[in-house]
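Counting starts at 1 for both ligands and their atoms, following the listed order. Throughout, numbering of the chain's residues begins at 1 and tracks the sequence.
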Amino acid sequence: MAKICIIGTGYVGLVTGACFAKLGNDVICVDNDQNKLEILNKGKPHFFEEGLEEIITESLANNKISFTSNLKEAVKNTELIFICVGTPELPDGSADMSYVMEVASQIGQFANGEKVVVIKSTIPVTYAPKIEAEIKKNAKYSFELVSNPEFLAQGSAVYDFLNPDRVVVGASNIEAMEAIADLYKNFDCQVIKTDISSAIMVKYAANCYLATRISFINEIANLCEKVGADIKDVSLGMGLDRRIGPNFLKAGIGYGGSCFPKDTKALVKVAAELNYDFKILRSVTEVNIRQRKIVTKKLKKHLGDLHGKRIAILGLAFKPGTDDLRESPSVPIIKELINFGCELHAYDPIVNEINGINGNSKLKYALDPYEVFDKADALLVLTEYPEFDKLDFSVVKQKMNNNLIIDGKNILTKHNLVNAGFVYEGVGR
Ligand code: UGA
């Protein structure tokens with residue numbers, strides 16, 4: 001079993017560290033945020049992710065995982081060092097590499113022998129040589145750089161990590177490559193062994209392609225509305241073609257989260273630096289931003305002036321099973337509705353506050369979905385929780401002032417609602 005250091009306890013770092021510990025490795029997780037470390041040392045993750053707390057509690061009890069801010073000690077006591085710090089979006093769309101570079105410099109400084117340094121953070125492909133140079137600057141010992149991108153999705157992160165479709169390991173040194181591939185030896189999937197640039201490109205290409213599918217299906221949905229077609233049937237018909245497949249063909253108010261919006265823009269930026277105009281990907285982002293605006297457009301179409309209107313909202317996070325609001329379409333939609341003078345009552349099974357909007361008297365959070373409907377002029381669905389479709393809509397109808405439902409995620413059963421007397425507007429239906 002390996003001695004592993006994980007630097008950064010965000011989604012990727014913490015899930016990776018916890019799962020490697022569960023597999024029997026000795027894991028030290030490093031973070032410079034004392035608040036996070038305090039919570040983690042009590043066995044509690046600082047974000048919600050199904051199954052993660054149990055693994056952390058169990059691994060702490062078995063002494064398989066520890067949490068510290070002492071990077072020097074962690075680097076000294078481990079062989080495989082995973083960089084999992086964030087690469088957030090800069091105002092110009094490129095990835096902020098300052099955290100990765102800082103960590104690279106420290107690894108070089110603190111290494112007390114040969115180490116394998118693994119990049120899990122999503123980094124621009126042009127940065128691998130710069131990271132290598134940064135480690136080398138202070139290093140007294142040799143090291144090997146490996147890229148091992150992560151494909152886990154929030155809401156199913158632990159499952160995805162333990163049941164991957166594939167593992168990708170990029171390196172120029174065979175021993176380092178095998179040491180990392182060995183961590184996944186009991187997984188029932190193909191391990192792709194390649195060079196560093198190809199490994200990084202697999203990650204960007206996969207995320208950007210999935211985002212492209214979503215923007216594509218959203219454009220088809222917008223066209224469906226104009227011709228009176230139903231995108232649900234169109235997606236079904238497309239997805240049953242084995243060459244296309246059914247996933248990531250759900251139309252709605254656009255993709256959110258910390259990955260697709262950031263990675264699509266970052267790849268456009270990298271391409272531009274290499275004098276390549278990545279036309280499709282530029283449009284993918286444009287379409288995604290435009291798509292968020294359809295909710296207020298539809299509201300205005302039915303209600304006219306929105307000032308003083310009461311709006312019920314189901315779902316805040318960018319997807320089910322997470323409390324993450326980063327780039328969630330709900331945030332700009334809510335801000336816009338507050339500006340129009342609406343009164344908002346929102347329910348999300350996990351989220352009960354939005355940073356920056358908290359304390360605004362125009363937005364109230366409910367702990368029960370049925371609390372949001374009282375005297376509402378419209379109901380908006382902004383996250384694709386299947387349980388929203390199981391609500392008793394006869395009760396909802398009695399509580400609401402009006403009968404308008406705008407289903408931004410096409411998650412409700414249209415004909416039931418139409419039969420119950422609602423005016424139903426989905427996306428592309
Ligand atoms: C995504 C990728 O799916 C992961 O493979 C990748 O590892 C991760 O980014 C990352 O780079 O770390 P994630 O952002 O957690 O994962 O969530 P997704 O399930 O991909 O959903 C992203 C967004 O697309 C959500 O807002 C979701 O509502 C939306 N979506 C998804 C659609 O609008 N339509 C679909 O058909 C599917």
Side-chain angles (χ1 to χ4, degrees), residues 8 10-16 47-50 84-89 95 119-123 148-161 163-168 199-200 202-221 231-232 234-236 238-239 244-267 284-285 287-289 291-292 294-295 315-333 348 381-386 407-411 426-428:
Y11 269 96
V12 171
L14 190 56
V15 173
T16 302
F47 51 83
F48 179 80
E49 193 59 53
E50 187 77 44
C84 303
V85 293
T87 52
E89 187 182 322
I119 307 165
K120 264 239 182 259
S121 306
T122 304
I123 62 152
N148 174 217
E150 188 44 63
F151 301 99
L152 57 83
Q154 286 176 229
S156 55
V158 171
Y159 178 86
D160 292 345
F161 186 94
N163 302 275
D165 290 340
R166 76 309 209 178
V167 166
V168 178
I200 296 171
V202 172
K203 168 72 184 190
Y204 270 107
N207 270 8
C208 293
Y209 174 66
L210 292 172
T212 303
R213 276 175 76 109
I214 298 170
S215 277
F216 177 82
I217 205 67
N218 282 337
E219 293 230 273
I220 295 285
I231 190 65
K232 283 243 181 187
V234 175
S235 291
L236 179 66
M238 277 178 71
I244 296 173
N247 297 322
F248 284 76
L249 286 181
K250 290 192 203 83
I253 49 175
Y255 57 79
S258 64
C259 304
F260 289 174
K262 169 174 82 86
D263 294 347
T264 42
K265 282 180 241 167
L267 194 56
V284 167
T285 298
V287 169
N288 195 52
I289 290 167
Q291 201 65 11
R292 293 172 179 177
I294 62 176
V295 172
L316 294 169
F318 82 98
K319 64 184 278 194
T322 176
D323 54 1
D324 200 336
L325 287 161
R326 282 177 290 176
E327 291 281 339
S328 178
S330 72
V331 177
I333 291 171
D348 184 289
V381 178
L382 303 182
T383 311
E384 59 269 40
Y385 274 105
D407 181 359
K409 288 289 184 174
N410 289 347
I411 199 75
V427 178

Quick one: does ligand 1 sit under 4.0 Å from the side chain of [X], the backbone, both or neither, non-hydrogen atoms only?
X	value
Leu249	backbone
Lys319	side chain
Val12	neither

So which heavy atom on Cys208 is nearest to which on Leu267, and how close?
->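 Heavy atoms only, the tightest pair is SG-CD2, 3.8 Å.
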
Heavy-atom gap Gly256 to ligand 1 smaller than 4.0 Å | yes

If you measure from each heavy atom of Gly257 to ligand 1, is any distance below 4.0 Å?
-> no

Is a side-chain donor or acceptor of Gln291 paired with a backbone partner of Ser215 at a separation under 3.5 angstrom?
->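 No, because the side chain of Gln291 does not come within donor-acceptor range (under 3.5 Å) of the backbone of Ser215.
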
Identify whether the distance between the nearest side-chain nitrogen and carboxylate oxygen of Lys250 and Glu384 falls below 4.0 Å.
-> no

Sidechain N-carboxylate O distance under 4.0 Å for Glu89, Arg326 |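 No.
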
So, regarding [X] and ligand 1 (criterion: nitrogen or oxygen to nitrogen or oxygen, under 3.5 Å), is there a contact or not?
X	answer
Cys259	no
Lys409	yes
Thr122	no

Between Phe260, Tyr11, Phe318, Phe248, which one has a non-hydrogen atom sitting closest to atom 26 (O) of ligand 1?
->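 Going through Phe260, Tyr11, Phe318, Phe248 one by one, Phe318 has the nearest heavy atom to atom 26 (O) of ligand 1.
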
